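Read the structure below first, then the notes.
Scope of the values below: all heavy atoms of this structure, side chains included, with no hydrogens, waters or symmetry mates. Everything numeric here is computed off the predicted structure, so don't read it as measured data.
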Amino acid sequence: MKPAAPPALVVNGRGMRVSAADKRKNLLTFLREDLDLTGAKRGCGIGQCGACTVLADNRPLRSCHALVADVLGRSLTTIEGLAAPDGSLHPLQQAFIDHGAIQCGFCTPGMVLTAHAFLLKHPAPTREEARKAIGSNLCRCTGYQQIIDAILAAAPHYKK
Amino acid sequence: MDDLKDKAWRNDAAAKVTGRARYTDDLKLPGMLHAVPVYSEFVHARLIEVDSAAAAKSPGVVRIITARDVPGVNRCGQILKDLHVLADDKIRYNGDVAAVVVAETRAQAVAAARRVRVLAAPWPEVLDPEQALLPGAPLVHEEHGSNLIHRHVIRRGDIDRGFAESAHIIEQEFRTPFVEHAYLEPEAALCRVRGDGIVEVRGSMQHPYSTRRFVSEFLGLPLARVEVVGTPMGGGFGGKDDTAALVCARTALAALLTGRPVKMTYDREWSMRESYKRHPYLMRYRMGVGADGLIKAVYVRMVADGGAYCSVSPWVTWRSTVQCCGPYVVPNVDGEVSSVYTNNVFTGAMRGFGSPQVNFAIEQLVEMAAEKAGLSGVEFRRRNMVRQGSTTITGQVLEGHVVSLSQVFDRVLAESGYEEKLKRASRGRGEDDYYGIGLALSYRGVSLGAEGTDFCAAVVSVQYDGSVLLETGVHENGQGAESAMILILAEELGVERGRIVYRRSSTSSVPDSATTVASRGTIMGGGAVSRAAAAVRLQMAGAIAAELGCAPEEVRFAGGRLTAPNGKSVDFTEAARRLYRDQKYPYALGVFPAPHVTWDEHTGQGKAYFTWVYGCQAVELTVGRRTGRIKLLNAWAAHDVGRAVNSAALLGQFYGGMAMGAGYGLFEELAMKDGHLTSLNYDTYRIPRATDMPEMTAIILENRDPLSPSGAKSIGEPANELMAPAIANAYFHATGQRRFELPVGRVR
Ligand code: FES
Ligand code: FES
């Protein structure tokens with residue numbers, strides 16, 4: 001028996017194969033339409049707003065601007081994959097709730113994932129650093145202040 | 001921490017932070033088709049034909065819909081029915097929709113839409129609102145007779161005498177641009193015809209009831225046969241009213257004609273091209289000030305570009321009329337505000353609703369007047385500001401609530417250290433980057449005022465196990481309205497909020513509650529909830545009062561119990577169970593009509609709003625000496641909110657409003673060329689990023705309003721209307737130069 005080929009793509013810890021046709025698809029469309037992972041949103045479609053952000057090997061990626069082929073062999077995390085398997089919220093998600101960082105919620109999945117990737121690398125940020133970290137994600141509702149509060153509040157959970 | 005959690009609680013937060021919340025485009029139905037709009041290249045043109053023959057043969061196309069397919073009335077509008085859902089006689093702006101293509105997949109629909117040809121004869125266009133008013137200008141709506149949509153006047157006192165008494169006269173013209181709401185979620189709709197024949201509409205809209213009106217008239221169906229179901233939406237800010245309803249109406253027609261569910265999701269480019277904007281204003285002011293430093297007279301003429309359709313222009317400009325002199329006592333006023341048709345993109349409701357424009361002008365004007373009168377801006381404002389019992393420029397006496405303008409002013413002055421910092425302002429001198437601080441004040445009439453029908457309904461239904469269902473006519477726009485309603489009800493019934501489930505209402509279950517705009521959600525919805533709760537309390541108390549040995553009115557609801565003055569009590573759940581046992585329902589419809597207001601259209605006098613809110617914001621900034629780049633350093637806001645129902649949500653309104661106001665002040669404007677919008681996405685339309693914003697300080701004042709059953713007033717719009725003038729004033733204190741046009745930071 002031949003050893004099983006490694007999965008083409010890992011999404012939220014689950015390996016999957018993708019067809020040749022799928023590889024040519026826009027990643028955001030693929031996630032939303034084919035996998036029904038609708039947490040990533042299409043806010044602009046041109047890489048400006050960050051609402052479509054997912055993580056590829058824990059690095060933020062604008063899925064509206066990527067093809068499935070671009071992420072083959074990598075491990076993707078979408079907002080649906082951040083909470084624990086039993087459904088309990090990640091401390092960062094809880095911090096977003098506790099600090100009033102969510103209004104309409106359309107930017108929230110991208111914001112949370114961007115902040116998560118940032119905190120993994122910088123577990124003790126200053127306010128200014130946190131502000132810069134989300135500088136690439138647009139939010140029209142919150143004025144960003146409570147999002148920054150939430151990021152700082154969650155930071156201690158990232159210290160090893 | 002528990003306290004913080006409690007204050008930040010929202011019923012929808014967990015779903016939104018995990019991606020579980022399903023917005024319109026996230027939903028799918030079996031057999032669903034996809035629809036997309038078709039635009040034309042024209043700005044103003046007589047429509048000859050929509051040629052869809054080639055497109056119809058495109059792969060996957062199921063149907064192409066034009067005005068000819070409309071079973072009901074193709075014209076809609078909240079004030080004038082001048083808005084065609086699908087272009088019929090003319091193209092009036094570049095965002096008019098000529099057809100809708102329905103196909104098996106979205107990609108197929110998009111491909112086919114490119115093959116639809118719109119044939120039309122170009123017509124002379126008019127793009128400048130002042131020119132549109134000149135005799136002989138091309139008419140945007142011939143049947144309207146002129147391009148004047150509406151003109152409001154305000155006449156108070158004797159304007160000539162006012163100027164005669166003045167020692168100083170200040171004259172200035174101000175301009176503001178088209179501004180985009182820029183909600184993160186573009187418009188979307190998902191419609192189907194259910195088995196029972198009801199047309200079910202989901203969509204990203206902030207006005208389910210007007211959407212229902214638009215859809216039912218467009219389809220020629222009675223209101224009861226159209227059900228608009230609330231769906232999470234990604235921001236509105238006043239912008240998801242008319243256009244969003246049109247998207248729903250067209251999608252509903254597609255579902256009706258094809259017999260299959262249809263989804264239409266807008267690209268950002270379509271959304272920006274078609275959706276209405278904030279009105280650009282041209283404002284010409286003349287202000288007279290006496291030797292005593294008191295404002296004697298204001299003469300003002302304003303022209304607002306309404307674009308191709310009326311939308312709510314008369315209401316927006318009405319607020320500008322009532323608030324044209326800012327929160328100051330002015331005995332003699334002669335004002336006119338005209339809204340005008342042009343072939344530009346149309347304009348309508350946007351957070352602030354006619355106040356951001358006039359505040360930009362008046363808050364600079366008072367500082368210019370102060371300087372002429374030899375007073376500081378602070379002293380000048382103190383002498384002229386409205387106080388308890390003052391009479392406004394429309395003749396309304398400010399009473400029945402706490403007039404807290406001086407309170408919010410003092411708090412911002414103190415917390416920001418304004419007067420000390422102002423001494424350090426550069427005024428265009430020095431070697432470093434220029435430094436300045438500035439502020440602005442406002443008062444704001446609450447809710448719709450004398451121009452709209454203003455009422456709201458809520459239904460409270462206690463179940464026999466003590467759990468509670470709540471529905472209201474207030475729509476969740478992302479501002480946390482549902483959570484606020486739950487918190488108000490929990491307090492009114494004296495139960496923990498976990499018992500209460502907010503049932504996302506449909507237009508079929510709660511009576512028409514008008515629109516969730518004008519920051520009226522909390523005061524009006526909260527009023528309705530309070531009334532429904534009062535009725536339910538009486539029902540429940542009535543059933544157990546005898547046993548407790550007191551009168552029903554004496555029963556207190558707290559801690560999950562009903563308690564008599566003598567200390568005897570019954571558990572809330574037990575009381576509910578007993579009602580059911582006696583075949584009585586603890587169920588009530590609460591209706592809150594806004595208290596009475598009056599208006600005389602000819603003189604612009606009357607009691608314009610039933611109550612008012614007061615606010616003050618300040619900002620500190622630097623301006624690059626060579627680059628001209630403006631950097632905000634700190635910002636403060638004080639608002640009297642009546643009562644803080646949910647403090648985290650309230651802070652979110654403060655910060656979000658300040659950020660949007662900062663964008664308006666710094667760089668937001670839509671670029672246009674010959675009637676074509678050239679800002680069509682976030683690359684060419686800049687909104688504030690986290691790195692554009694400073695740390696903000698929110699100061700919450702609570703003077704409970706007796707006219708609001710829950711005590712709460714409003715915050716969404718007040719928070720949004722002051723940052724631009726504060727930036728303009730700070731810019732002047734930094735550079736010594738006034739900017740009379742928004743955005744202040746425009747590269748010149
Ligand atoms: S949708 Fe991808 S960046 Fe906006
Ligand atoms: S919460 Fe609405 S865009 Fe961020």
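- Looking at A:Phe106, the atoms closer than 4.5 Å to chain B (heavy atoms on both sides) sit in the backbone and in the side chain alike.
- Of the listed residues (B:Thr18, B:Asp26, B:Thr691), the one with the most heavy-atom contacts under 4.5 Å to chain A is B:Asp26.
- Distance alone, capped at 3.5 Å, places no donor-acceptor pair between the A:Tyr144 side chain and the B:Asp692 backbone.
- Using a cut-off of 4.0 Å between Lys/Arg side-chain N and Asp/Glu carboxylate O, B:Glu695 and A:Arg131 are scored as salt-bridged.
- Residue contact with chain A, scored on non-hydrogen atoms closer than 4.5 Å, is absent for B:Arg20.
- In this structure, chain A has a heavy atom under 4.5 Å from the side chain of B:Phe237, while its backbone stays farther away.
- Top candidate by heavy-atom pairs under 4.5 Å with chain A, chosen from B:Met660, B:Met272, B:Glu185, is B:Glu185.
- Each salt bridge (Lys or Arg N to Asp or Glu O under 4.0 Å) pair with one or both residues in residues 43-62 of chain A, not counting sequence neighbours, appears once here: A:Asp57-A:Arg74.
- In this structure, the side chain to side chain donor-acceptor pair (under 3.5 Å) partners of A:Thr78, at least two apart in sequence or on a different chain, are A:Asn12, A:Glu80.
- Proximity to chain A (any heavy atom under 4.5 Å) is shown, for B:Met658, by neither the backbone nor the side chain.
- Looking only at heavy-atom pairs under 4.5 Å with chain A, the residue among B:Ala15, B:Ala659, B:Ala182 that has the most is B:Ala182.
- The backbone N or O of A:Gly135 sits less than 3.5 Å from a side-chain atom of B:Arg689, completing a donor-acceptor pair.
- Heavy atoms closer than 4.5 Å to chain B are found in the side chain of A:Leu89, but not in its backbone.
- Ranked by heavy-atom pairs under 4.5 Å with chain A, the list B:Asp267, B:Ile687, B:Thr265 is led by B:Ile687.
- Judged as a side chain to side chain donor-acceptor pair (under 3.5 Å), and not counting sequence neighbours, A:Thr108 has no contacts.
- In terms of non-hydrogen atom pairs under 4.5 Å with chain B, the most contact-rich of A:Lys132, A:Glu128, A:Met111, A:Gln145 is A:Gln145.
- Against chain B, the residues from residues 22-50 of chain A that qualify, each with a non-hydrogen atom under 4.5 angstrom away, are A:Arg32, A:Glu33, A:Asp36, A:Thr38, A:Gly39, A:Lys41, A:Arg42, A:Gly43, A:Cys44, A:Ile46, A:Gln48, A:Cys49 in number order.
- For B:Pro186, the part lying near chain A is the side chain, with the backbone staying farther off; criterion is any non-hydrogen pair under 4.5 Å.
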